[in-house]
Undergrad: 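Here it is, the structure in full.
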Amino acid sequence: MANPTTEQHGLTEHSHGDVSKGEPVVPQSSRGDRFTSYDVDAFEVPGGREEDWRFTPLKRLNGLHNGTAAAGGSASVDVKESPEVRVERVARDDKRIGEGGVPADRVSAQAWSAFTEATVVTFPKETRTTSPTIVTVTGPGEGNAAYGHVQLRAEAFAEAVVVVDYRGSGTYADNLEIVALDGSKLTVVVVHDWADDAVHVGAHLAKLGRDATLKHTVVTIGGSLVRVSPTVTYGDKGGDAELTGLYFADADQHLEHRTFVDHAVSNCRSNVVYKGALQGEGAHTVWIGDVLIRAAAEGTNTYELNRNLVLTDGARADSVPNLEIETGEIEGAGHASATGRFDDEQLFYLQARGIPVDQARRLVVRGFFHEVLQKIDVPEVRERLEAAIEAELQAVGA
Amino acid sequence: MATLEIKDLHVSVVTDDAPKEILKGVDLTIKAGETHAIMGPNGSGKSTLSYAIAGHPKYEVTSGEILLDGEDVLGMAVDERARAGIFLAMQYPVEVPGVSMSNFLRTAATAVRGEAPQVRHWVKEVKNAMSELEIDPSFAERSVNEGFSGGEKKRHEILQLALLNPKIAILDETDSGLDVDALRVVSEGVNRFRANGESGVMLITHYTRILKHITPDFVHVFAGGRIVESGGAELAARLEDEGYVKYTGKQEAAQVS
Ligand SMILES: Nc1ncnc2c1ncn2[C@@H]1O[C@H](COP(=O)(O)OP(=O)(O)OP(=O)(O)O)[C@@H](O)[C@H]1O
Ligand SMILES: [Mg+2]
């Protein structure tokens, strides 16, 4: 069951139930063997055939992957923090930098090697912040490229909500470290609301301490090409990661999300739910969901799900769940992936109640996203997204 | 006064291979104030008839006519038919995840009535209609039909009937899967709808028990894709005793083998 399966937009459906206490399964190329390094030169320049690059149109990366991106531009990172929160601009030798994890692909390492200043946002220990902290990253502008680095840091038993909002134009690569220390509860909502020209390759490096809880949401609606790779690792028992994603791709947009949850310690939990809609010629989405349960990770409980709704012809959704299990002593593990078109029976039912077909389609799409939208507990962001989805649907009259 | 006329209707189902003819010449006229019960064996085409009237895309009308007050129904889209006054309570109501019942009902009522109902009146109207059908108010916030029991789905079909108040209601086995209490509650709902005398009802059923609550004016036997006999309420009782062998010819087949 661990063989990667690719499902395109033929009406495919597959799901796997629990495989708790099942046989360990290891695919040919284990995610656990994936090379990592802070040094860009330690990585080969990708040619497009590699497992982790085969879905990405390299030509459209504007040189982020091969070192030719002109890094003359500068992006801005502005923070509107809750009063309890500390915001620092630090150099790369700050000893906290790197606690979240190590880059696992060349662009992430490129961003690491090239950034000049990191922004560290600290949620102090045992403090519950009073309002959401908003980090706004504005791209370097059309024709320019830039690299960035942000660390979100929840100290022990801190509770905080932070929104990272990517906007503007240009080519951008960055690493977003998320360090959730023991007992902290951190909610991170990352919104990619880029302008039409933007190219963004981002890595999220999240590390959870003992009994830490991370609610991580990625929303991708804007940009020409956006590739986001959230990785979660656990430092100690009791970590709980909830990864939610929502994306909506229009004509010629390439939106790629690659989640990787690395269970290396026992008794941690993860749950991944990503949902996407696509419309228009050349709209392409990719979801790769890697989960690795290493031999030491007994008592793990994990589930991942990806659903895609293909609204028009000419759009393509790739969905590859990949679950590797190296121990039989787990609590539960499963995954499901489905890509389909509108359900004719649903549309018929709504229309049979007098609802015009356009409106029926909008109801179904809104319903489809409802599950992920309701998990976003920052009302301003949720409302903004609802409006954005509405606008997307109006655009094509879907 | 509403009249639904079905004339020599032939319908095929669109399958992966060749289309398959299911309805083979159905003639039926339903006038306001009348209730027509349709009874017939499994697979005889009763649901196909109701889907064809509602305009389900899987069913292709190859010949014949359907008229509502003289207007050509077959030329209308599914939603236009509903707005023109045709309502189908489905044998298997569809689940629509993420769309709340209350949002759905309001959207449907707005479409059918041509304007959004005033919020205050609407809330009261829905509340009353739900309590008449003994539906717990908490259902309003649940997704349309999602996780509803069979009986709960049927109650909600009748709730929609009450709120949308069509000219012609087609009830496809609304009684199936209902316990005795639910059968009474749902039948009362249908009777309230019939009471105005301005609407016609086509009631598809396998059981006479619902006909004890909802007295039909006509009973039609449906077999092999057409109406093969029509009569009054007494025909239903006879069918219950004798079954459909007389119409399907299965008895002779059984004797041969
Ligand atoms: N999509 C389809 N593909 C193939 N055959 C179909 C399809 N839909 C309906 N049929 C066939 O058409 C016939 C009539 O079906 P229909 O559902 O109308 O019967 P019914 O009279 O409502 O039966 P029941 O009493 O069991 O509800 C059946 O033989 C059924 O298998
Ligand atoms: Mg039927």
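We name chains A, B, ... by the order of the sequence lines, and we start the count at 1 in each one.
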Undergrad: Between R83(B) (side chain) and G354(A) (backbone), is there a donor-acceptor pair under 3.5 Å?
TA: yes

Undergrad: Apply the side-chain contact (heavy atoms from CB on, under 4.5 Å) test between Y349(A) and each candidate in V94(B), V78(B), L88(B); give the one that qualifies.
TA: V94(B)

Undergrad: CG of L350(A) to CZ of F104(B): how many Å apart, nearest 0.5 Å?
TA: 6.0 Å

Undergrad: Below 4.5 Å, heavy-atom pairs only: which of E157(B), E95(B), E80(B) has the largest tally toward chain A?
TA: E157(B)

Undergrad: Using heavy-atom distances under 4.5 Å, tell me whether E345(A) contacts chain B through its side chain, its backbone, both, or neither.
TA: both

Undergrad: Counting only heavy atoms not in K375(A), do more than 12 fall under 6.0 Å of its NZ?
TA: yes

Undergrad: So which part of P166(B) gets closer than 4.5 Å to some heavy atom of chain A, the side chain, the backbone, both or neither?
TA: neither

Undergrad: Could you state the interatomic distance from NZ (K58(B)) to CG (D344(A)), rounded to the nearest 0.5 Å?
TA: 8.5 Å

Undergrad: Can you check side chain to side chain contact (heavy atoms under 4.5 Å, CB included) on F87(B) and R353(A), steps first, answer last?
TA: CA-CA 7 Å; F87(B) 178 89; R353(A) 298 303 180 248; 3.5 Å; yes

Undergrad: Before you tell me yes or no, could you show the steps for T107(B) and I355(A) under side chain to side chain contact (heavy atoms under 4.5 Å, CB included), namely the whole-Å CA-CA distance, both residues' side-chain angles and the distance that decides it to 0.1 Å?
TA: CA-CA 7 Å; T107(B) 308; I355(A) 301 170; 3.9 Å; yes

Undergrad: If you count the non-hydrogen atoms of other residues, nucleotides and ligands that lie under 6.0 Å from CD in E21(B), is the total more than 12?
TA: yes

Undergrad: When you compare the side chain of P57(B) with that of F348(A), does any pair of heavy atoms fall below 4.5 Å?
TA: yes

Undergrad: Taking all heavy atoms of V99(B) and all of L363(A), pick out the closest pair and write down the distance.
TA: CG2-O, 3.3 Å

Undergrad: Tell me whether Q374(A) at atom CD has more than 12 heavy atoms from other residues, nucleotides or ligands lying less than 6.0 Å away.
TA: yes

Undergrad: Taking every heavy-atom pair that is under 4.5 Å apart, which of L105(B), V96(B), T110(B) has the most such pairs with chain A?
TA: V96(B)

